[in-house]
Structure formats: C-alpha cells, structure tokens
Amino acid sequence: MQRARLIAVTAGAVGVLVAVPAAAVDSGLGAPGIGDVYYPDYGNGGYDVSHYDLRLKYQPVSDQLEGTATILATAKQDLTRFHLDFALDVSAVQVNGQDAKYVASGGHELVVTPPSTLRAGRPMNVVVRYSGTPSKVKIDNLTPWQRTVDGAVAANEPEMAWWWFPSNDHPLDKATYDVSVAVPDGTKAISNGVLTRRTSQFGWTRFDWRVSQPQATYLATLAIGKFDMRFATTKSGLPMVTAYSDNLGSAAGAAKASVERTGEVIEWESGIFGPYPFDAAGGYVPQTNVRFALETQTRSFYSPAFFARGSNLYVVVHENAHQWFGDSVSVASWRDIWLNEGFATYAEWLWSEKQGEGTAQQLADFTYAFYPASSSFWKVKPGDPGKGKEFHESVYDRGALALQALRNTVGDAAFFRTLREWVAAKKYGNATITEFVALAEKVSGKQLDELFKTWLFTSGRPAARPAAHAAR
Ligand code: ZN
C-alpha cells in the first residue's frame, strides 16, 4: 500500500496515478496489484516479502517441475485475503501453519484465504506446494520458460516468476532467497548467488543456492542442463560461478573468452560506479534459441547468439553494469526502465572509450546520425516508452544519448559524481526517473528539466546531437 502511494507521489509530470482502492484496505482484501503504471496487476498489495525458500525438483525429460515454496512476509494491513502471482498447479497452501483456501484466478493470480485474519505488522509464513509443466503454460500470450535439449532456462523480463515460483512479483518487493533444486545425476542446476551445498542421493543431485542481498523476482533465474561449471575468485575476492552448456558447438570458445572476463569487467565498473553491490558474480550461457541477455542477479544469462561470430565483451559490460543499475537500484515502475537500459548501454560506450574503439562522444554522434529523423526509432520516448516497449532500441540508444547530453552539460566531474551518488543513495532500493533528474540537478547545480524533456520525454529527433563542447 504505502509503496503504491509512493509511486503516485513521485510519478513525473507525465504520470498516470494508480489508485489503490481504499475499500480494499478497509475490508482486509489485499490488492491484486502493487500499483505499477504499465502493469497494474503485477505484484500484490497488503504484504511485503522478506525471503523466498524454494525446494524444487525438475525432470528435464518431461519438463516436470514440482516443489514447495516457503514465503516469509509481513502483513502491511489486516488481511482476510491476499494474492500471490503464480501460474503452475497448486496442491496445498498453508498460512502460519494452518491450511488455507486458495483459488487460481485471472491467469497469474493465486488468491489465498487464510482461516483467520492476518494482522497488520505481524509475520506471515506462507507455504505453497505445487507442480506443473512450465513450457505448457501460456499467459497473456507469454511462454518465457525455455526448454533446451537437456534442460530448461528461466530468464525473462519483465515477467518470469509466474512459471516457476509463487511471489509478490514486482521489483518493489525485493527479498533474499534460498533456492534448492534437485535434478537427475549428471545434470546441473544453476541459480543466483552462492552455491552453499551440492549433494547426491537416489540418482538425484541437489544444488543449493543462496542470495543474501535483496533481489527482485524477475532477476531470480534457474538453468538446468549439462553444463561446464566453473568456480573462481575475482581479484577483489568475490566468488565467481560461470557455466557453459556442453552443447554450444563452435560458439563455446568465444562464450568463455567473454564471460570468463566478468571479474575484470566488474573491477573496472566498480572504479566508475562504486563498490559492487553483491557477494557473488558470474554468468551462464545455455543452449537456447532466444536472442537476448539478462542481468539475472549475480549470474547474468547470455544467449549463445551473442558469441556466434566471436567474443563479445560489450554484452558482459552491459549485463554487469545492470548489477548496479537495475539489480541494486531497481525501477519503481516499469515505466522507469531507462534507469536500467540507458545506463547499461552507456557503460558499453565507456568500455569502448577505454578500449580505444571510439569515445562515448563518437558513439553519440554515430547513433544520432544512424537513425534518420524520419525513423520510427525517434517516436518512442525512452522516459516513457509505453507498456510492452520497455526494450525498444530507443530506451537503450537514445537512452545513452540522454546520458551523453547530461555529461556534456554538467561536465565529467559532476556527471560521474551523479552516477556514484545515485547508486549509493538508492542501493538495494527502488527509484524513479524523476528522482534521478532531481539528483543530477542537485549535484550539478543546474536546471536540467529542458535537457531531460528533450532527450527522454519528447517524441521525434531532437534538433541537435548532444554537443561535444557545451560543458564548462
Ligand atoms: Zn540491458
């Protein structure tokens, strides 16, 4: 509740306020959504999750996932009923040790009625037993669970959790995780964080993963299959886990030549953005046909397509920049996606500059010219791309142009100080574009409304490229 109101208050001038029905609060009904501007039914109201404990078993041959989720939460209001977001088949729900009634509704909502009212401020312990065939579940036309020749992958944005664990599915409600997955011997199960244990019994190997810093639900990942799994320690002492499908074929070398350099990339990014926010690092490359990468916390997912023609450090730079911009500092609403993609793309420009492959200014000039004024590229506003257009090129490329425009206007010192102050102030939290603009103005002492309006909130190509010599 409080958070939904927070979004409304901090929403920019272009904001659409999401009303949380007061009646729902009074009647003890937890709202079916947390108040996202684009996706009002994502996440839920009335409670706040602190920890997910998932104990799962997966059979690749049949794509059968089964297990138990134990969810630790706190009621934010008196609750006679609350929602979880989930799409697999549920066989039992308990709340605070007692059997609860439940019903699936509207595709991804699991509505739970505990036997007695949950009191505001009190702990909630919710146990959900479930099973299903995730690849067969289609909701809102989405089928993000990827089956592979020898396993499966859960990695998608903004929506993935529905297909593998019940949750309060929105970045506003972050939590820690223990994810324990049993798979047939010889198969591996990879998730986020640190591998705390690996055991084998009765033909099944169980992998236990722990996430000790707050993590958004869409950043939880799971990969099952035959992998070359590697354990290392970065120069600064971070445990690093990388994994490569045994079936990458001719891309295997380039994949390893890229992702094995994650430690080096993180050290370099720490020098620019400030301390790395998590206690583990790494990445994995499954055998999949999807063609994107995802900054799944501490363990980025990379499509092998990125390495089909050779090594690619830019994607490693991009996904790891998201560990600061997206994972530690998360969007308050999906409308704020520029805070993730604009910044991760700009990190690529900085890497290019460091490699001597083109300065950020050269890339800005190139990008501005690359898309002619008539191109539909310029129609999408990076600061408010619209539901379903969060990953439009404009959010990435024009998003990076906006940062180059800021850098040129405030100068390097204020620009990089703004980035560092941003990740420090919002560490493990949520943020809006409006808040970033306010911080950039505070650090630089300049009025920047016009600049951000031009680069983030206006449809059409700005009259001039970000000028290289404007900085004083
Ligand atoms: Zn990205």
Side-chain angles (χ1 to χ4, degrees), residues 38 144 146 153-160 171 192 215-221 258-259 261-262 265-266 268-269 272-273 276-278 281-286 288 290-307 312-352 360 363-364 367 377 380-404 419 422-423 426 430-433 436 455-456:
Y38 289 171
Q146 309 163 37
V153 179
N156 195 50
E157 183 183 8
E159 198 37 71
M160 185 69 246
N192 314 80
Q215 174 175 282
T217 46
Y218 81 96
L219 296 169
T221 192
S258 310
V259 179
R261 290 177 65 186
T262 296
V265 165
I266 285 176
W268 169 73
E269 290 178 335
I272 302 168
F273 307 140
Y276 181 72
F278 304 118
Y284 70 94
V285 188
T288 174
V290 311
R291 303 183 67 82
F292 61 87
L294 184 63
E295 59 271 25
T296 39
Q297 194 160 308
T298 70
R299 194 123 313 117
S300 293
F301 155 82
Y302 299 97
S303 163
F306 287 100
F307 313 112
N312 184 343
L313 267 290
Y314 287 101
V315 70
V316 177
V317 165
H318 182 106
E319 302 315 326
N320 282 291
H322 276 309
Q323 303 302 313
W324 286 263
F325 302 98
D327 295 13
S328 174
V329 182
S330 301
V331 294
S333 190
W334 286 107
R335 185 181 59 188
D336 297 303
I337 190 68
W338 170 74
L339 295 174
N340 297 9
E341 302 306 345
F343 290 62
T345 303
Y346 198 75
E348 294 182 60
W349 291 12
L350 294 173
W351 178 262
S352 168
L363 286 160
T367 303
F377 169 85
V380 174
K381 298 174 280 187
D384 188 3
K387 175 182 171 177
K389 295 213 191 82
E390 295 88 352
F391 309 108
H392 188 277
E393 292 91 329
S394 167
V395 180
Y396 291 71
D397 295 347
R398 184 171 169 180
L401 277 169
L403 287 168
Q404 183 64 23
L419 296 186
W422 178 245
V423 299
K426 297 290 180 184
N430 298 89
T432 63
I433 295 176
F436 181 80
W455 288 99
L456 295 184

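Remember, it's 1-based here, ligands and their atoms both numbered in the order they're listed. When a residue number appears, it is its place in the shown sequence, counting from 1. We use all heavy atoms of the structure for the numbers below, so side chains are in, but hydrogens, waters and symmetry mates are not.
- Side-chain polar atoms of His318 and Glu341 form a donor-acceptor pair below 3.5 angstrom.
- Side-chain contact check for Thr296 and Tyr284: no donor-acceptor pair (N or O, by modelled atom type) lies under 3.5 Å.
- Distance check: Trp324 CH2 to Glu269 CD gives 5.0 Å after rounding to the nearest 0.5 Å.
- Around the Zn ion (ligand 1), the protein atoms of type N, O or S that sit closer than 2.8 Å are His318 NE2, His322 NE2, Glu341 OE1.
- Between the side chains of Glu319 and Tyr302, no donor-acceptor pair of N or O atoms lies under 3.5 Å.
- Side chain to side chain, Tyr38 and Asp336 fail the donor-acceptor criterion of an N or O pair below 3.5 Å.
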Just do the side chain to side chain contact (heavy atoms under 4.5 Å, CB included) check on His322 and Gln297 with the steps written out, would you?
CA-CA 9 Å; His322 276 309; Gln297 194 160 308; over 6 Å; no
